[in-house]
Amino acid sequence: MSDLKVYNSYSRQKEVFTPLTPGHVGMYVCGPTVSGESHLGHARPYITFDVICRYLQHLGYKVRYVRNITDAGHFEEEGREAEDKISKKAVLEKLEPMELVQKYTNLFHWAMDQFNTVPPSIEPTATGHIVEQIEMIKKIIEAGYAYEVNGSVYFDVKKYAASHDYGKLSGRVIDDLLETTRELEGQEEKRDRSDFALWKNAAPEHIMRWQSPWGVGFPGWHIECSAMATKYLGAQFDIHGGGMDLLFPHHESEIAQSTICNHSAPVRYWIHNNMITINGRKMGKSYNNVIKLTELFSGNHPLLEKAYHPMVIRFFILQTHYRSTLDFSNEALLASEKGLKRLWEAYEKLLAMSYEPREENLDKELEARCSKLIAELDEFMNDDFSTAKALANIFELVPVINSMKDKTIPVSALSAATFELLQNKLKTYVEGILGLKSITEADNDKLKGVMQLLIDIRKEAKGKKDFVTSDKIRNQLAQLGITLKDEKSGEMSWNIE
RNA sequence: GGUCCUGUGGCCGAGUGGCUAGGCAGAGCUCUGCAAAAGCUCCUACAGCGGUUCGAAUCCGCUCGGGACCUCCA
């Protein structure tokens with residue numbers, strides 16, 4: 001099998017993935033800021049890195065997946081009056097800051113569960129790691145790369161840039177960052193415009209505040225990820241992920257802080273997912289074009305014709321490569337919904353099928369085609385996690401599976417080995433790696449029993465050409481949202497809308 | 001303004017210089033008591049203009065369009 005290659009944002013090319021410690025992978029993904037509800041755009045990184053995590057596990061790696069919860073409010077750094085998103089919202093909603101944070105954390109966890117994402121191995125919170133952040137800031141000050149002004153601490157970018165390539169990750173030219181012509185307010189404390197805060201002095205009305213060597217304040221945004229990643233994954237770790245919009249300044253700053261503190265570049269492979277757009281424009285609060293996950297699941301949004309199952313969203317996201325933008329529309333979601341249903345029904349049929357060997361039926365051409373389609377799944381995933389191509393191959397197998405079910409192609413057209421491989425590999429991919437699951441709720445034994453009874457009665461009626469009875473059963477079930485389908489083999493299948 | 005990405009059939013989207021990805025929609029056919037599925041077939045596109053090449057959606061240049069980051073942002 002080919003090696004796993006990943007696109008490293010830092011080198012801007014695909015590289016063969018080699019973990020620091022054989023057999024183990026340390027992966028850090030920037031988690032949500034729990035000051036509000038998650039929207040569709042937020043779903044992309046968590047689903048993308050979920051699949052990456054699942055695939056790494058499939059390859060046999062033991063993965064430590066760390067994803068933080070940002071629950072300590074950031075301040076708007078420049079150009080605006082300092083304010084704390086979380087504490088501001090808390091006042092509006094008359095909630096304790098931690099109460100608010102808990103509410104949105106719970107909601108986030110619920111949504112992640114709906115998406116069938118594997119929970120991270122460690123989910124550290126920023127507020128739970130204030131001590132670690134302070135310690136890290138102290139080290140940076142000791143090393144001479146940060147300075148204190150009026151109870152705030154800033155990272156000295158100019159000094160750092162003199163001996164390190166600040167800006168490489170995000171493709172920034174350091175001189176452009178340093179020599180700005182723009183006059184900005186609220187940054188007179190900084191020695192240079194490009195410096196960023198490690199610790200910020202808290203104004204009296206600021207609710208979230210902690211004691212530090214520099215007075216009462218709160219941590220800068222970037223330091224939490226550096227501190228928590230270092231604590232749980234070490235000074236150097238394999239993968240750091242997040243949205244492309246975090247490249248600058250967040251990840252660039254993380255590199256600088258960690259490099260000074262730990263004397264080595266922190267991350268070996270930087271992986272960034274692209275944005276979800278809506279009418280070609282990034283979905284984001286500042287554009288006023290977000291669709292919250294709860295709105296998506298309920299269909300309660302002007303742009304949505306109906307509610308969409310979380311699995312449809314997951315499938316929709318996996319149909320494109322994670323580094324491409326993905327344009328949202330109701331139409332695109334409808335297409336995904338139909339596609340997923342077709343795929344899932346074929347998948348379930350395949351798992352229910354059993355093999356009957358008959359050598360004279362062997363179709364070498366079909367055998368070769370199926371083997372190739374199956375083998376390519378790993379090739380595609382190894383090529384920078386190409387879920388879109390893997391899904392395309394699975395879709396090419398769907399007509400083969402359906403034909404077998406309809407007996408227009410005998411199951412024994414494939415060799416026993418290939419048929420078994422098809423079953424096992426699809427199970428691994430559809431459920432294990434792509435993390436899809438059924439979008440209908442029929443996992444109820446009593447309901448299944450009742451349905452079987454109705455199917456038996458309908459079969460009897462059809463046998464007697466009593467179409468009044470057979471149609472009554474089918475039509476009334478349809479009114480309840482249960483679709484009954486006669487299959488070519490004489491069997492009947494059903495599903496709930 | 002600076003840096004970078006991008007422009008694929010009705011829609012969404014893969015695409016490694018040569019072998020029509022795939023999904024959805026549409027059309028026709030087959031199967032079928034009817035229906036719904038399903039199967040088969042068709043729709044063979046790469047913003048425009050040049051260039052490199054035996055050969056370009058894919059490489060280069062220009063033009064036009066769209067977007068991201070440079071401030072919080074997944």
Side-chain angles (χ1 to χ4, degrees), chain A residues 12 29-33 35 38-49 73-80 83 85 167 170-173 175-177 180-182 184 194 221 241-250 252 272-277 279-287 290 315-316 319-321 323-329 331-343 345-346 349 376 380 383 386-396 398-403 405-406 408-409 462 465-467 470-471 474-475 478 483-489 493 495:
Chain A
R12 289 161 198 251
V29 175
C30 286
T33 301
S35 60
S38 299
H39 63 253
L40 175 59
H42 295 125
R44 173 105 103 145
Y46 308 127
I47 289 172
T48 297
F49 288 100
H74 308 147
F75 46 92
E76 314 280 353
E77 219 180 328
E78 289 163 5
R80 288 180 209 173
E83 62 175 355
K85 272 190 187 170
S170 56
R172 224 88 341 194
V173 180
D175 291 340
D176 293 351
L177 292 172
T180 178
T181 52
R182 280 199 294 168
L184 291 159
S194 57
W221 175 33
M244 275 185 186
D245 50 355
L246 297 180
L247 273 165
F248 189 89
H250 187 53
E252 198 69 64
H272 291 94
N273 64 275
N274 213 319
M275 303 291 105
I276 287 182
T277 59
N279 295 321
R281 167 156 265 127
K282 174 184 171 183
M283 185 177 286
K285 243 182 190 167
S286 35
Y287 295 115
V290 302
F315 177 78
F316 171 65
Q319 261 186 309
T320 176
H321 187 87
R323 279 188 293 112
S324 300
T325 54
L326 171 58
D327 202 48
F328 162 87
S329 69
E331 210 185 348
L333 237 39
L334 270 175
S336 289
E337 185 182 69
K338 289 195 176 174
L340 175 60
K341 275 186 183 164
R342 195 161 85 92
L343 185 147
E345 280 175 25
K349 284 182 206 167
E376 279 176 343
F380 293 155
D383 185 12
S386 200
T387 54
K389 290 176 97 174
L391 276 169
N393 270 31
I394 293 172
F395 268 106
E396 288 207 57
V398 164
V400 177
I401 295 165
N402 283 333
S403 296
K405 177 69 186 174
D406 290 343
T408 52
I409 296 177
K462 278 187 71 173
K465 304 230 185 260
D466 175 9
F467 298 124
S470 68
D471 286 352
R474 190 176 63 199
N475 295 341
T483 312
L484 201 58
K485 289 183 279 197
D486 294 349
E487 294 181 353
K488 281 185 189 163
S489 55
S493 66
N495 61 60

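Keep in mind that the numbers below use all heavy atoms, side chains included, and drop hydrogens, waters and symmetry copies. So that the names make sense, note that chain A is the first sequence line, chain B the second, and so on, each numbered from 1.
Interface remark: the A:Asp471 side chain does form a donor-acceptor pair with the B:rG33 base, using a distance-only criterion of under 3.5 Å.
Across all strands, A:Thr408 comes closer than 4.0 Å to no nucleic acid atom at all (heavy-atom distances).
In this entry the distance linking CD of A:Glu331 with C1' of B:rG13 reads 13 Å, nearest Å. The distance from atom CZ of A:Arg474 to atom P of B:rA35 is 9 Å, rounded to the nearest whole Å. In this structure, A:His39 atom NE2 and B:rA74 atom C1' are separated by 7 Å, rounded to whole Å. Rounded to whole Å, atom P of B:rU6 lies 16 Å from atom CG of A:Leu326.
Of the C1' atoms belonging to B:rA68 and B:rG9, the separation is 27 Å, rounded to the nearest Å. Nucleotides B:rA45 and B:rC54, compared at atom P, are 25 Å apart to the nearest Å. Using atom P as the reference point in both B:rG22 and B:rG33, the two lie 33 Å apart (nearest Å). With both ends at atom C1', the span from B:rG17 to B:rC29 equals 38 Å, rounded to whole Å.
Stacking between A:Phe467 and B:rG33 is present: the aromatic ring centre lies within less than 5.5 angstrom of the base six-membered ring centre, and the two planes differ by under 30 degrees.
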Encoded 5' to 3' (Watson-Crick or G-U under 3.5 Å; [ ] crossing; | other strand), RNA chain B becomes (((((((..(((.....[...))).(((((.......)))))....(((((..]....))))))))))))....
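Ion pairing of A:Glu345 with A:Lys405 is absent here, as no side-chain N (NZ or NE/NH1/NH2) approaches a carboxylate O to less than 4.0 Å. The existence of a salt bridge linking A:Asp383 and A:Lys389 is excluded, since no basic side-chain nitrogen approaches an acidic carboxylate oxygen closer than 4.0 Å.
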